[in-house]
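What follows is one structure encoded as structure tokens, with my remarks underneath.
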Amino acid sequence: MKKIINHKEDVVEEMLQGMVKAHPEYLKRIDDSNVLVRKDAPIKGKVALVSGGGSGHEPAHGGFVGLGMLDGVAAGEVFTSPTPEQILKGIKAVDGGKGVLLIIKNYSGDVMNFEMAAELAQMEGIEVQQVIVNDDVAVEDSTFTVGRRGIAGTIFVHKIAGAAAEKGMDLDDVKRVAEKTVKNVKSMGMSLTPCVVPAVGKPSFEIGEDEMEIGLGIHGEPGIRKEKIKPAREIANILLSNILEDMKLEKDDEVAVMVNGLGGTPLMELYILNREVHNLLNEKGIKIYKTMVGEYMTSLEMAGSSISVLKLDVELKQLLDAKADTPAFRIL
Amino acid sequence: MKKIINHKEDVVEEMLQGMVKAHPEYLKRIDDSNVLVRKDAPIKGKVALVSGGGSGHEPAHGGFVGLGMLDGVAAGEVFTSPTPEQILKGIKAVDGGKGVLLIIKNYSGDVMNFEMAAELAQMEGIEVQQVIVNDDVAVEDSTFTVGRRGIAGTIFVHKIAGAAAEKGMDLDDVKRVAEKTVKNVKSMGMSLTPCVVPAVGKPSFEIGEDEMEIGLGIHGEPGIRKEKIKPAREIANILLSNILEDMKLEKDDEVAVMVNGLGGTPLMELYILNREVHNLLNEKGIKIYKTMVGEYMTSLEMAGSSISVLKLDVELKQLLDAKADTPAFRIL
Amino acid sequence: MCNSNILIKIIENMGKNIIENKDYLTELDRAIGDADHGINMSKGFSAVDAKLDEMSGKDWGSILKTVAMTLISTVGGASGPLYGTAFLRASTVVDGKMEIDKEDIINMFEQAVEGIKMRGKSNKGDKTILDALIPAFEALKLAYEEGKDTKIAFKMAEEAALEGVEYTKDIIAKKGRASYLGERSIGHQDPGATSTYIMIKSINEVLEQN
Amino acid sequence: MCNSNILIKIIENMGKNIIENKDYLTELDRAIGDADHGINMSKGFSAVDAKLDEMSGKDWGSILKTVAMTLISTVGGASGPLYGTAFLRASTVVDGKMEIDKEDIINMFEQAVEGIKMRGKSNKGDKTILDALIPAFEALKLAYEEGKDTKIAFKMAEEAALEGVEYTKDIIAKKGRASYLGERSIGHQDPGATSTYIMIKSINEVLEQN
Ligand SMILES: Nc1ncnc2c1ncn2[C@@H]1O[C@H](COP(=O)(O)OP(=O)(O)O)[C@@H](O)[C@H]1O
Ligand SMILES: Nc1ncnc2c1ncn2[C@@H]1O[C@H](COP(=O)(O)OP(=O)(O)O)[C@@H](O)[C@H]1O
Ligand SMILES: [Mg+2]
Ligand SMILES: [Mg+2]
Ligand SMILES: [Mg+2]
Ligand SMILES: [Mg+2]
């Protein structure tokens with residue numbers, strides 16, 4: 001295991017310190033907790049958004065804290081859910097009196113801990129709603145999850161719900177657009193190499209020199225199958241076919257596309273994959289309104305990529321385009 | 001070699017197509033050339049900035065084309081200089097009548113080709129100046145270079161010169177601030193793993209399971225030494241010591257810091273390294289005005305990081321803070 | 001009927017027994033989990049232990065709520081929110097009460113079961129806590145319906161819990177980390193069901209002395 | 001004195017000889033480079049070849065400039081800008097001239113040498129093009145100073161160039177890709193110096209027939 005770390009037990013603590021030192025104009029940390037919130041939180045009169053999950057997916061989620069996106073995040077140990085009291089700290093720190101929406105990725109641990117925190121917050125008089133993101137079409141009822149997993153499509157939810165909250169929409173409406181985003185976004189990924197969780201010290205799974213795994217999860221959970229690696233064109237085709245089979249897209253529908261790097265794949269390759277995605281969607285007469293290419297929801301150093309397609313309407317486009325200012329994502 | 005590509009000979013072409021498809025609001029391509037320019041180029045009455053170099057360092061440099069940074073870039077084959085006529089195409093496409101500044105990384109090929117293009121442009125009546133970036137303190141007179149190499153500090157030059165041009169400064173002044181930035185920025189990197197150039201098909205160098213190479217170049221050029229990998233704290237210390245020995249920083253000096261990922265290192269680890277950098281600089285009483293953590297100048301999938309320290313003054317701070325809107329870097 | 005003093009003794013005994021069985025529970029969790037259930041639960045109950053004095057003299061609801069919140073914020077791992085919810089739900093039944101009756105006991109258990117089902121999205125047969133807790137609850141309810149007194153009812157609950165623990169050995173896990181192993185989880189006893197059993201046994205030990 | 005018609009023949013012959021030696025130059029570049037010097041130069045001179053007709057009847061400066069621009073935009077690799085600059089600089093000496101004299105010849109060579117030194121930031125002894133070109137130029141200049149005619153002068157330049165190529169075998173490369181090999185570049189002849197020699201030889205072959 002070759003990493004730029006100190007003690008493996010301290011990775012999350014030190015990462016959080018490093019994030020706050022890097023982005024003092026965006027983030028503040030709640031005491032010694034694993035909670036990062038907007039520098040200007042709580043913002044009175046605004047619905048607040050809280051998300052989070054296991055560490056190791058950076059920039060998700062701390063990188064998306066700021067104007068027009070999240071108000072606060074709780075970071076668990078690597079690939080491990082944060083505990084309810086961490087999440088509750090986050091909820092309390094960002095509550096501006098108009099309620100809090102939790103954006104939860106669909107993993108048993110995340111759901112359990114975030115829902116527990118929601119219940120505790122409600123007991124303290126804070127109105128809390130939640131959406132569960134389950135954009136991964138690869139597998140149903142995988143390890144770690146009942147139903148489908150939440151992967152990179154979560155970032156679309158952060159952006160759209162964040163914009164809704166920023167423009168002053170109330171909790172029901174923010175939840176409504178978040179749910180609409182969840183319903184409209186489908187994703188699927190593939191991996192070329194495993195990642196190494198510091199506490200574990202060895203690769204998360206085995207894969208042949210010439211193999212790829214289709215539908216692998218962001219914690220290394222099994223996918224659909226392993227097969228010989230194929231050219232980018234066929235990878236895009238496999239992933240998009242699965243995605244489109246699930247969505248009901250029609251000619252002239254408008255979408256947003258995200259080509260997400262899992263951490264170890266060069267940006268050059270993500271752009272090559274994007275070219276294929278655009279060509280394939282164009283062939284089907286689907287209009288691409290916006291594209292995001294980069295590392296949004298990673299798995300440490302895993303090589304691979306996930307594709308997300310979000311079906312747009314007028315409202316979603318407007319919220320997607322809205323101003324945002326966070327460490328990892330900005331729109332002027 | 002496991003990559004998300006089609007034919008290895010087509011990687012640059014397909015990447016360029018993928019970039020333009022991803023960022024139509026930022027970029028346009030000049031015919032079938034390897035030149036990307038601002039969508040709104042040429043901007044009349046503004047000094048134009050042209051940069052570029054070998055592909056494989058994305059987001060450098062196409063990701064930095066846009067308001068407040070570069071006007072155009074020429075992309076060579078992977079780790080290979082663009083040819084003079086590509087660069088000349090870029091110069092002509094962005095020339096707004098107030099002259100063009102070339103930002104050249106100090107590698108023999110880049111210098112030769114950019115200077116050749118400058119000469120050809122001047123023959124056509126375009127005023128061209130240039131700055132050569134040589135921020136790497138690791139080695140003097142390395143392979144590929146006479147003097148010091150240009151690495152991640154180049155991005156500071158893009159930003160500061162870009163801001164100067166955007167606010168209407170003339171060519172001499174834009175060059176002046178660019179030269180000041182070059183003079184004020186020092187960098188050094190280290191690597192944990194090699195990268196694989198598609199055309200070559202195998203790793204660019206060998207390194208032991210428990211080794212790191214200090215001062216490795218962004219094309220895999222040899223560094224100072226290989227040694228057993230050390231904790232992040234010591235890595236930061238080694239890199240910073242070399243950097244600070246070269247700069248003459250004093251207590252209360254203000255700096256900007258960049259912790260740059262070479263491609264394969266997770267963002268989590270870059271933040272951990274950043275924590276160490278901040279602690280070390282704080283110990284010396286050096287004030288950190290701004291921090292950038294992420295992938296700015298990569299080497300395909302190489303794991304590792306480079307640190308850059310830029311000594312600031314009032315003018316540089318203001319230009320560093322100025323609005324910018326490009327695919328890979330934005331300031332509101 | 002039952003004064004909250006006895007609840008303090010029960011909780012203290014639960015803590016004692018859980019901590020004594022720390023390694024045992026951890027080993028069970030090593031076979032089909034991440035080898036920390038004993039560590040998690042001991043951490044939780046040690047923290048609970050430290051609050052026993054301040055809980056003394058309070059009503060049933062307050063005590064159970066304190067246990068709940070303490071477990072939630074210290075256990076770490078799935079058993080934290082699960083047991084925490086169980087205690088939290090139970091506490092709502094007896095909010096403000098210094099004395100409780102059989103009705104309260106049944107309702108507390110029912111709430112605990114429902115709480116875990118809701119929090120864990122699980123049920124009997126998933127090879128979890130519930131495979132000890134639900135049989136225990138059903139036995140308790142049946143005993144009360146048959147007119148048995150509390151001591152007998154809890155003994156029957158304990159027996160049912162033990163049977164439930166045994167039963168978890170032979171089934172496949174459908175929830176929690178053990179479910180990641182699929183069929184390889186068969187043949188191994190569930191840690192959470194075991195800690196449930198230990199806790200119910202702990203209730204009995206206190207009832208016998210009182 | 002020399003009409004630009006002869007320049008066309010010279011360039012045509014340079015192209016013929018370079019292309020004939022494509023594999024030879026490539027092999028030299030395989031040993032201490034990236035195995036493409038012959039490919040690069042052939043590509044360049046093939047493109048130049050295609051423009052010979054349109055260059056016919058033009059002045060020396062225009063022809064040399066066309067050669068320069070063509071090489072710059074087609075050669076790929078360091079030799080492109082280097083030879084391109086050489087031809088470009090040379091062209092400025094004879095801009096607009098249909099006939100040139102010895103003075104022009106010397107100045108063209110001098111400009112070519114200076115151009116490569118400036119473009120490549122290199123000099124004699126770096127194991128490059130210049131290790132053939134500078135000796136050739138010095139021999140040419142000396143021959144003219146001694147009153148020799150152009151044919152003799154160029155023969156002496158060719159001999160000096162050949163000696164320079166031989167000399168490159170035993171020295172360490174300080175510029176270009178060969179320099180990456182450090183001491184391992186010793187014992188190998190420089191490809192660029194070789195193509196320089198071939199080009200000078202090509203001049204002589206044409207002068208002999210005219
Ligand atoms: N969804 C669930 N519903 C009920 N009980 C569960 C569920 N998930 C896990 N458990 C229980 O939790 C126990 C494991 O607890 P523990 O090891 O402390 O947590 P973790 O699995 O997070 O390490 C399992 O043996 C099981 O009994
Ligand atoms: N800085 C320089 N100055 C003079 N000649 C040079 C320089 N760099 C390279 N060369 C010449 O270029 C030749 C290699 O040309 P070529 O193989 O076409 O380019 P590349 O090295 O880019 O593949 C070398 O043999 C050398 O003679
Ligand atoms: Mg466990
Ligand atoms: Mg655990
Ligand atoms: Mg070569
Ligand atoms: Mg070459």
Original post:
Less than 4.5 Å apart, any side-chain heavy atom of C/Arg119 and any of A/Glu119?
Top reply: yes
Original post:
For chain A, which of C/Thr74, C/Leu88, C/Val75 has the most heavy-atom pairs under 4.5 Å?
Top reply: C/Leu88
Original post:
What is the distance from atom CE of C/Met69 to atom CE of A/Met123, rounded to the nearest 0.5 Å?
Top reply: 5.0 Å
Original post:
With only heavy atoms counted, which part of A/Leu120 is less than 4.5 Å from chain C, the side chain, the backbone, both or neither?
Top reply: side chain
Subject >> C/Lys174 versus chain A, the contacting section by heavy-atom distance below 4.5 Å >> reply: neither
Subject >> A/Glu9 atom CD: more than 12 heavy-atom contacts under 6.0 Å >> reply: yes
Original post:
Just how far is it from atom OG of C/Ser122 to atom CE of A/Met112, taken to the nearest 0.5 Å?
Top reply: 7.0 Å
**OP:** List the atom of C/Pro81, the atom of A/Asn113, and the distance in Å for their closest heavy-atom pair.
**Re:** CG-OD1, 3.1 Å
Subject >> Gap between atom CE of A/Met116 and atom CD1 of C/Ile72 - 0.5 Å precision >> reply: 3.5 Å
Original post:
Does atom NZ of C/Lys141 have more than 12 heavy-atom neighbours from other groups under 6.0 Å away?
Top reply: no
Original post:
Above 12 or not: heavy atoms from other molecules or residues under 6.0 Å from NZ of A/Lys180?
Top reply: yes
